[in-house]
Each structure stands twice: as structure tokens, then as C-alpha cells.
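Below you'll find the structure, written out as C-alpha cells, and then a few comments.
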There are 2 protein chains.
Amino acid sequence: MTVQPEQMTPQSGPAGGKARSVYLSLRGEISSGTYAPGATLPSEAKLAAAHDVSRVTVRRALAALSDEGLVETRGGAGTRVTGGTGGVPLSADIALPHLFQMGRETTARLLSFSYVAPPAPVAAALDLPAGARVQRATRIRLSEGRPFSHLTTYVPEEISSHYDETDLAQSPLLQLLERSGTRIEAAAQSVTATAATPDVAEALGVTLGAPLLSLTRTVRDAGGRGVEYLSALYVPELFRLDMTLSRVRDGGEGHWRPVIGEGA
Amino acid sequence: MTVQPEQMTPQSGPAGGKARSVYLSLRGEISSGTYAPGATLPSEAKLAAAHDVSRVTVRRALAALSDEGLVETRGGAGTRVTGGTGGVPLSADIALPHLFQMGRETTARLLSFSYVAPPAPVAAALDLPAGARVQRATRIRLSEGRPFSHLTTYVPEEISSHYDETDLAQSPLLQLLERSGTRIEAAAQSVTATAATPDVAEALGVTLGAPLLSLTRTVRDAGGRGVEYLSALYVPELFRLDMTLSRVRDGGEGHWRPVIGEGA
DNA sequence: AAAATCTGTCCTTTCCATAGGACAGGTTTT
DNA sequence: AAAACCTGTCCTATGGAAAGGACAGATTTT
């Protein structure tokens with residue numbers, strides 16, 4: 001018999017209601033270090049009293065945590081926090097957002113590929129005239145077999161004609177664009193968080209409404225024309241965006257300057 | 001009678017179950033531009049059929065969207081997407097993450113202030129010896145009266161002795177540290193997403209489990225010693241992290257270089 | 001004016017989350 | 001060995017979420 005590495009489901013948890021409340025509360029206290037690895041949680045009865053819920057509800061929350069491997073509960077004795085928080089997430093430096101050659105394998109899978117009328121935000125970001133069409137491709141990136149990122153790219157039709165579906169499944173989009181003569185110059189990124197919609201949740205293997213790191217990027221060429229609009233969603237348990245800053249003293253409040261080299 | 005600006009509750013929505021599914025699905029299609037502002041949504045019957053739920057459930061989802069001001073439903077006619085998505089979020093450039101002088105007022109409120117034993121992650125990040133104590137302060141930042149950020153800072157006890165509780169309520173922490181002689185040099189940031197725990201959800205006026213942008217920063221002085229550990233949570237509807245990048249061609253895959261000046 | 005379509009409302013029924021309690025059996029402490 | 005404590009399991013009862021259907025009234029289209 002072969003021992004399989006535990007396939008952990010990130011961000012499962014109860015759907016809603018009090019069980020979710022207790023679950024989130026405990027998960028927060030574990031990851032913030034209030035309950036250190038190895039420590040024993042309060043008994044189910046005490047947790048029930050503390051959160052003002054029934055023991056059934058506490059057990060649901062604990063079961064969810066146990067499923068994710070965050071805690072280990074031994075019958076008779078208490079419930080203990082396991083050591084590993086579940087593997088170190090991929091960490092992308094801000095300067096190299098799409099190179100993951102940190103010893104870890106990432107593969108891509110093309111989910112959909114079509115030419116459509118651009119949604120309003122995309123048309124606005126790329127300065128597209130009314131009636132223009134774009135190529136839309138949705139891809140999933142996997143690390144160690146687990147999907148950690150959901151990418152949707154929009155490229156104006158004229159530019160996208162230099163490559164096809166099979167190219168896209170293999171090479172990064174920017175590489176394809178540069179190979180076909182587009183001189184990529186600048187990009188504007190915006191980072192936020194969003195809740196997983198049903199389609200994304202299914203594709204990423206995540207609970208409905210689970211928090212995701214959201215990154216939208218508009219890429220422009222030397223002429224200032226928009227060549228790519230990217231909407232990326234990352235599973236936070238598996239992906240971080242890192243950056244190193246150095247302080248600039250300028251008399252007043254001071255500000256930060258990003259450091260270019262390797263992040264960590 | 002005075003017209004009040006609509007105070008919008010971000011990320012309310014049904015707690016769990018199918019109503020939440022429909023709610024998230026529609027909200028995604030609205031913000032992604034599939035349903036443009038002014039357009040009429042499919043009828044409740046059609047939405048029920050499309051999502052394979054009952055009309056009651058669809059109505060729950062629509063009611064939530066209507067509460068947030070995303071849609072407007074006129075009896076007899078359909079439900080239309082309203083124009084304003086609800087105000088432009090604060091946008092912080094990565095180089096100036098804590099200056100929000102973009103014409104908008106932000107105020108702070110001190111929630112808690114105490115000296116505690118550092119949680120394991122904090123002790124590790126700041127290289128604290130066992131038994132060391134830190135000052136922990138939790139603050140809320142508000143923009144236009146709405147809380148948009150939840151900050152918890154940890155500062156080693158020796159360093160924190162140069163200022164007190166009232167200083168903290170007024171000035172940014174880094175300024176206080178610099179004023180007292182600490183030479184701040186570098187910082188490492190990590191950005192992800194998290195779900196709102198009960199305490200944070202209440203402080204920010206957000207639903208339990210709502211997605212939040214999470215930023216953790218470790219600040220070091222010239223000697224490489226950790227002087228501050230910051231854990232910041234932002235409401236995504238009210239806050240974005242922006243950055244401008246310029247492309248560097250280096251023969252191979254190419255990478256990005258952050259631009260220092262103003263972001264947008 | 002008539003027909004089609006849509007929202008607003010009310011109804012009953014089913015299913016699941018939760019509360020609250022009881023008891024067996026394992027584990028730790030005394 | 002005994003006592004205290006804990007988890008595992010089973011029970012009943014209740015409330016809310018959801019399904020599914022029906023009808024009134026408003027709006028739009030024909």
C-alpha cells in the first residue's frame with residue numbers, strides 16, 4: 001500500500017450559519033497563533049458554551065477543521081492542533097508574477113477559448129471601439145496537481161490572430177505576443193479579494209463564496225495600445241503575492257520603494 | 001428633505017445554500033460586465049429555470065442584490081442593473097501604501113491596546129527570543145465614515161516605550177517609530193485573501209466569511225532587527241492595491257519592473 | 001383593447017441545521 | 001482503582017430554507 005500525500009481541500013467549511021461562525025473563529029485563532037501547533041483546544045462542551053451554540057454545532061466546525069487537516073481529534077482525549085498548516089503556498093514576487101520556477105511544477109489547462117464581444121470593463125480598459133471583438137481564453141494553473149489559479153485573458157482580435165489554441169495551451173500569453181512582434185511596454189495591476197462564484201469555485205475545487213485573491217492587469221504596447229486584459233483569481237491557501245520594499249526618507253512622511261531583485 | 005448618499009452594505013448576501021449560489025453568480029455577472037448597467041436581467045422564472053432552483057430562491061438572491069443597490073426591480077417590468085456599482089474604491093499605490101491623501105478623508109479608531117506574549121508567527125517574523133513581550137494595537141480605518149481596513153500591529157516592547165496610546169490614535173505608527181530614533185530600512189510584504197472572522201466581520205461591518213484582502217508586513221530597521229509586524233485586512237469593495245509595472249526585456253522570458261512614481 | 005409577460009404575495013410540504021439532553025466508552029488525572 | 005474529563009453516538013423537537021404551485025396586479029407588447 002502506498003501512502004498518499006494528504007490531498008487537502010482548502011476553505012471547505014460549513015456553508016453558513018452558526019457552524020460556519022465557529023469554524024471561521026477557530027480557524028482564525030489557529031492561523032493567528034492563538035492556538036499554537038500541538039496545543040489542545042478547549043473541550044467541545046467549553047467551546048459550545050463560549051460561542052453560545054450547541055455541542056452539535058461545535059462538532060460540525062471541528063469536523064470541518066479535521067477534514068482540512070488543521071486539527072486532530074482523539075477520542076476521549078481532546079482535539080489538538082496539528083503541526084503543518086498544510087504546506088507552504090506558492091510565492092510569486094511582484095516583479096516576476098508569472099515565473100514559478102521555484103522548484104515547483106506548475107501546469108496549465110485550457111478551459112474555454114472563443115471570440116466574443118468584450119464586456120464593458122474590458123472594452124474600456126483596452127480602449128476598444130464599439131463593435132470590436134476579443135479573444136477570450138480561460139485557463140487553470142495547477143501546482144502539484146492542485147488548481148491554484150483561474151485566469152481569463154482578453155486579447156483584441158487583430159493581435160490574437162498570430163497564434164492559435166494549441167500555442168496557448170503551452171506557452172504563456174505574453175511570450176506568444178512578444179514572439180509575434182508586439183512590443184510589450186507597460187502594465188497596470190490592481191489587487192483585491194473576491195468571493196468564488198459557482199463556476200470558478202468548481203474549477204478551482206473550492207467552496208462557493210470562498211475568498212480568492214483577485215488580480216486584474218491591463219498590458220499595453222509601446223504605442224500605448226492595450227494588448228491584453230487579464231483577470232486572475234488565486235486560491236489564497238496556495239498562493240501569495242510577495243514584495244520587498246525599502247524605505248525612502250524624504251523629509252516628510254516618507255514612502256516605500258519596491259526592491260527589484262529576488263524577493264525571498 | 002435631504003437626500004442621503006446610499007449607505008451600501010458590502011458583501012451582505014444570503015448566508016449559505018442555494019440562494020447564496022444564485023446571488024454570487026448574478027453578482028459576478030454584473031461586476032464582470034455580462035449584465036451591463038441599465039440592462040434588464042432575465043425574468044425570475046427564467047433565472048429559476050437556469051439555476052435549477054425555485055422562484056423563491058431567486059427572489060431571495062435578487063432581494064439581496066437590491067439591498068446593496070446593485071439592481072433595481074420594478075413590479076410588473078423586470079429587474080434592471082443600476083448604473084453605479086457603488087462608488088470608486090480607495091486605491092493605494094504600492095509605493096505609498098499608507099498615504100490616502102487622494103482627496104478623501106480617512107480617520108482611525110483604536111479598538112484595543114495591550115502588551116501580550118507574541119503569537120508564534122509574530123515572534124518568528126520579528127526574531128523575538130522566548131519570553132519577549134510585544135505591544136499589540138488593533139485599529140480600524142474609516143473612509144467617509146465607513147470602515148474599510150482592520151489593522152493589528154505588533155511592536156517589541158523596548159521599541160514601543162517611546163510613545164503611548166494617545167500618540168497611536170493620532171499618528172501613523174511608522175512616523176512614531178522614526179520620530180523616536182528608529183531607522184526604518186526595509187519591509188517585506190505578503191498579500192493574500194482571507195475570510196472575515198466573527199470579530200473582524202463585526203468591526204468592519206461585513207458579513208461573516210466575507211472575502212478580505214490580507215496584507216502582512218514585517219518592517220526592519222537598519223540593523224536588520226524587526227521593529228513592526230503588521231496584519232492588515234481590507235474590505236475589497238472599498239480598497240484596492242494598485243501598481244504600475246514596466247516590461248524589462250532580457251532575452252529570455254522577460255520580467256516586470258515596478259514603476260515608482262504615481263500609480264494612476 | 002387584448003394578449004403576453006413580469007413581479008408581488010400567499011399557501012403547503014419537505015428537508016436540514018440547530019438545540020438540548022442522555023448515555024456509552026475511552027483517556028487522563030488523582 | 002477511582003474519579004474526572006473527554007469524545008462518540010443516538011434521541012427528539014423546533015425553526016428556517018427551499019420547492020412547487022396558484023393567483024392578483026402591474027407593465028409591456030401586439
Side-chain angles (χ1 to χ4, degrees), chain A residues 11-27 29-30 35 38-82 195 198 207-209, chain B residues 12-27 29-30 35 38-82 195 198 201 207-209:
Chain A
Q11 188 60 26
S12 286
K18 309 196 182 180
R20 180 174 183 81
S21 174
V22 178
Y23 163 81
L24 288 172
S25 193
L26 289 174
R27 208 169 61 110
E29 286 171 321
I30 289 172
Y35 294 129
T40 303
L41 293 184
S43 73
E44 298 176 354
K46 284 180 187 170
L47 286 174
H51 293 250
D52 196 33
V53 296
S54 76
R55 224 186 106 202
V56 185
T57 305
V58 170
R59 282 180 65 77
R60 251 196 279 278
L62 289 177
L65 293 171
S66 182
D67 282 349
E68 297 172 28
L70 288 177
V71 301
E72 218 167 20
T73 155
R74 298 177 306 156
T79 300
R80 290 192 318 179
V81 180
T82 53
T207 313
L208 191 72
Chain B
S12 286
K18 309 198 183 178
R20 180 172 181 82
S21 173
V22 177
Y23 164 81
L24 289 172
S25 192
L26 288 175
R27 208 170 62 111
E29 285 170 320
I30 289 172
Y35 295 128
T40 304
L41 294 184
S43 74
E44 297 176 353
K46 283 178 186 168
L47 285 174
H51 291 154
D52 196 35
V53 296
S54 78
R55 226 188 102 203
V56 186
T57 306
V58 170
R59 282 180 67 77
R60 252 195 278 277
L62 288 178
L65 293 171
S66 182
D67 283 348
E68 296 173 28
L70 287 177
V71 300
E72 216 166 20
T73 153
R74 298 178 306 156
T79 300
R80 289 191 320 179
V81 180
T82 53
T207 314
L208 192 74

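Residue numbers start from 1 in every chain, and the chains themselves are labelled A, B, ... in the order their sequence lines are given, proteins ahead of strands.
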| B:T82 side-chain N/O to B:G69 backbone N/O, donor-acceptor pair under 3.5 Å | yes
| query | Does the side chain of B:E72 come within less than 4.5 Å of B:T79's, by heavy atoms? | reply | no
| query | Does B:K46 or B:V56 map to a spot on DNA chain C nearer the 5' end, using the closest nucleotide for each? | reply | B:K46
| Nearest-Å distance, NE2 (A:H51) to C1' (C:dA19)? | 17 Å
| remark: Atom CZ of A:R80 and atom P of C:dT27 are separated, to the nearest Å, by 13 Å
| task | Let me know the distance between NZ of B:K18 and P of C:dA17, rounded to the nearest Å. | result | 12 Å
| request: Could you tell me the separation between the CZ atom of A:R74 and the P atom of D:dC5, rounded to a whole number of Å? | output: 18 Å
| request: Find the distance B:L47:CG to C:dC6:C1' and express it as a whole number of Å. | output: 12 Å
| request: Please determine, for the side chain of B:R59, which listed nucleotide (D:dT7, D:dA19, C:dT9) has the closest atom? | output: C:dT9
| request: Taking the side chain as every heavy atom from C-beta outward, state whether B:L65 and B:T73 have any pair of such atoms under 4.5 Å apart. | output: no
| remark: Closest non-hydrogen contact found for A:R55 with A:A45 is CG-N, 4.3 Å
| query | Is the closest side-chain heavy-atom distance between A:Y35 and A:R80 below 4.5 Å? | reply | no
| Would you say A:R55 reaches C:dA19's phosphate, i.e. side-chain N/O to OP1/OP2 under 4.0 Å? | no
| Taking the side chain of A:R60 as its heavy atoms from C-beta onward, which of D:dA18, C:dG8, C:dA17 lies nearest to it? | C:dA17
| Can you tell me how far P of C:dT18 sits from OH of A:Y23, to the nearest Å? | 14 Å
| note | To the nearest angstrom, the CG-C1' distance between A:D52 and C:dG20 comes to 13 Å
| message | Closest-nucleotide mapping onto DNA chain D: is B:A77 or A:A45 further toward the 5' terminus? I mean the 5' end. | response | A:A45
| Taking only side-chain nitrogens and oxygens of A:T57, does any of them come within less than 4.0 Å of OP1 or OP2 of C:dA19? | yes
| remark: When rounded to whole Å, the CG to P distance for the pair B:L41 and C:dT5 reads 19 Å
